[in-house]
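Heads up: the structure comes next, in structure tokens.
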There are 2 protein chains.
Amino acid sequence: MMAAGIQRGGATAIWRQIAQALEAEIAAGITAPEGQLQSEYTLAERFGVNRHTVRQAIAHLADRGLVRVERGRGIFVRSRSLDYPIGGRTRFHEIVRRGNRAPSRTVIGCEAVKPDRKIAADLRLNETEMAWRIVTISAADGSPIGTSDHYFPRHRFPDLPGAMPPDNSITTLLRNFGIDDYLRRWTRISARPATAEEARRLELKRARPVLVTEALNVDSDGVPVEYGLTRMVADRVTLTIEH
Amino acid sequence: MMAAGIQRGGATAIWRQIAQALEAEIAAGITAPEGQLQSEYTLAERFGVNRHTVRQAIAHLADRGLVRVERGRGIFVRSRSLDYPIGGRTRFHEIVRRGNRAPSRTVIGCEAVKPDRKIAADLRLNETEMAWRIVTISAADGSPIGTSDHYFPRHRFPDLPGAMPPDNSITTLLRNFGIDDYLRRWTRISARPATAEEARRLELKRARPVLVTEALNVDSDGVPVEYGLTRMVADRVTLTIEH
DNA sequence: ATAAATTTGTGCGTATGTATG
DNA sequence: CCATACATACGCACAAATTTA
């Protein structure tokens, strides 16, 4: 039984000392984000205490959002999530760069479709008009952040697939059609577990929750130019809004 | 085998006709929100098609968020979720009433606590200052929408528990302390599966996702008066933001 | 497909030290 | 000094979820 720096009968409770020790290890990067901690049993042995005492410490860390406990699997370090400000000018590449991470976007599909009624209404398309749908995966430092369906009115962007810039930036794409600036008019946010397909795209092992955001972008005249349906990995982003 | 209005070899695929038929039934309220659809096998028999064809239709409805498929349990109609606008003046009671539903808030806990460092910083409290924490459950038409931890600086609200209005409205509570108006400065949004305790409070059967929102409210002088941590049932609300 | 092993969740009982009245 | 309450800590047993063999 190695005490491992634990002081019994001192002023601070044993479980608090353990919580502090584990927090320090996480802060120091000894246990990486999304990495797994030792099991409760192992930690109890290591600190020379009962498993309940370790559990008390872990519960405290979980409450504070530092770790995530999964029954039957283990204890995992929560990765510091990307701060994703949503506002009138929301630009994926800018946001990720501001978080000191490298943005990238992959196009996994591009086709002309007859849009859903609701989407057509948002884009002010009539029954016969078509839309381009571009399906993408966005990542920060290579780790997938979200997958999006972008809809554009086809009549305004005749050869959209050919105008796609190398970095797949929406901002650059719209600029190629003479739209120098665009604004986000509204955003709707909900959440649900990822589907199997989404889990595959976003490199999730299980059906973790995704934040589902719908947003409408308009040009400087207020005319809709893009409708986007994005599913973001809830564990990897925090949406922020300044009012 | 009853065809039940299905046209074979027509212009529209059979699965689309089935999807439309089911959508119409949901819209007409024949299957209530959160109610269970017939099983895939039963539907297949009813429409006189193969179960795979029904599955195609159901998958389409699930994609559009009209139904939720739970393996081993069945197909459930998603209840039309409450539109919850988030902005500078966000008031729970007003929002729910605007959705033509009856708001209610239950207090399940009220105590003086030493706030977390992060919360203390947001409320501009020093190490020694205490905060009131009021734990509530908010509901629309009796159906729980979310559960919140509200933090208030104690020095500014000496006898806060005694000043709680009958309807537990935060707006009225603050008015009782001379704060006629307050504004939301920012909101942070993430999502995760509900904990067991949250599932109990929110009347969820399993760990469905909750939208976790943190928000800071300030008075007309910009001084923080309330920090709120709310966990909302993702299936029952859609957050909306106008930019 | 099944079984075994691993890991967390929960409950009960016991014991100790500290603070309060 | 005693009674009570509370937080802390340990031990054992089993349930439930997940992974591995």
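In the text below, chain A, chain B and the rest are named by the order of the sequence lines, each starting its count at 1. All of these numbers come straight from a predicted model, not from anything done at the bench.
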Below 3.5 Å, can you tabulate the donor-acceptor pairs from side chains in residues 26-35 of chain A to any protein atom, sequence neighbours excluded?
unit_1	atom_1	unit_2	atom_2	d
E34(A)	OE1	R68(A)	NH2	3.2
E34(A)	OE2	S79(A)	N	3.3
E34(A)	OE2	S79(A)	OG	3.3

Table please: side-chain donor-acceptor pairs of residues 138-147 of chain B below 3.5 Å, with sequence neighbours left out.
unit_1	atom_1	unit_2	atom_2	d
D141(B)	OD1	A102(B)	N	2.8
T147(B)	OG1	T136(B)	O	2.9
T147(B)	OG1	R201(B)	NH1	2.9

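Screening residues 144-176 of chain B for ring pair (Phe, Tyr, Trp, His ring centres under 6.0 Å), with sequence neighbours left out, gives Y151(B)-Y227(B), F152(B)-F157(B), F157(B)-F177(B). Under the ring pair (Phe, Tyr, Trp, His ring centres under 6.0 Å) criterion, the residue pairs touching residues 57-86 of chain A are W15(A)-H60(A), with sequence neighbours excluded.
Every residue was checked against the side-chain hydrogen bond (donor to acceptor under 3.5 Å, both in side chains) condition with R97(A), not counting sequence neighbours, and none meets it. Taking P115(B) as the reference, I119(B), A120(B), L125(B), A131(B) meet the side chain to side chain contact (heavy atoms under 4.5 Å, CB included) condition, with sequence neighbours excluded. Take T12(A) and apply the side-chain hydrogen bond (donor to acceptor under 3.5 Å, both in side chains) test, not counting sequence neighbours, and it matches no residue.
Here the range on DNA chain D touched by chain A, meaning any atom under 4.0 Å from one of its heavy atoms, is dT8(D) to dT19(D).
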For this session: Heavy atoms under 4.0 Å is the rule here; annotate nucleotides 8-17 of chain C 5' to 3' with B where the base is hit, S where only the sugar-phosphate is, and - elsewhere.
Result: BBBB------
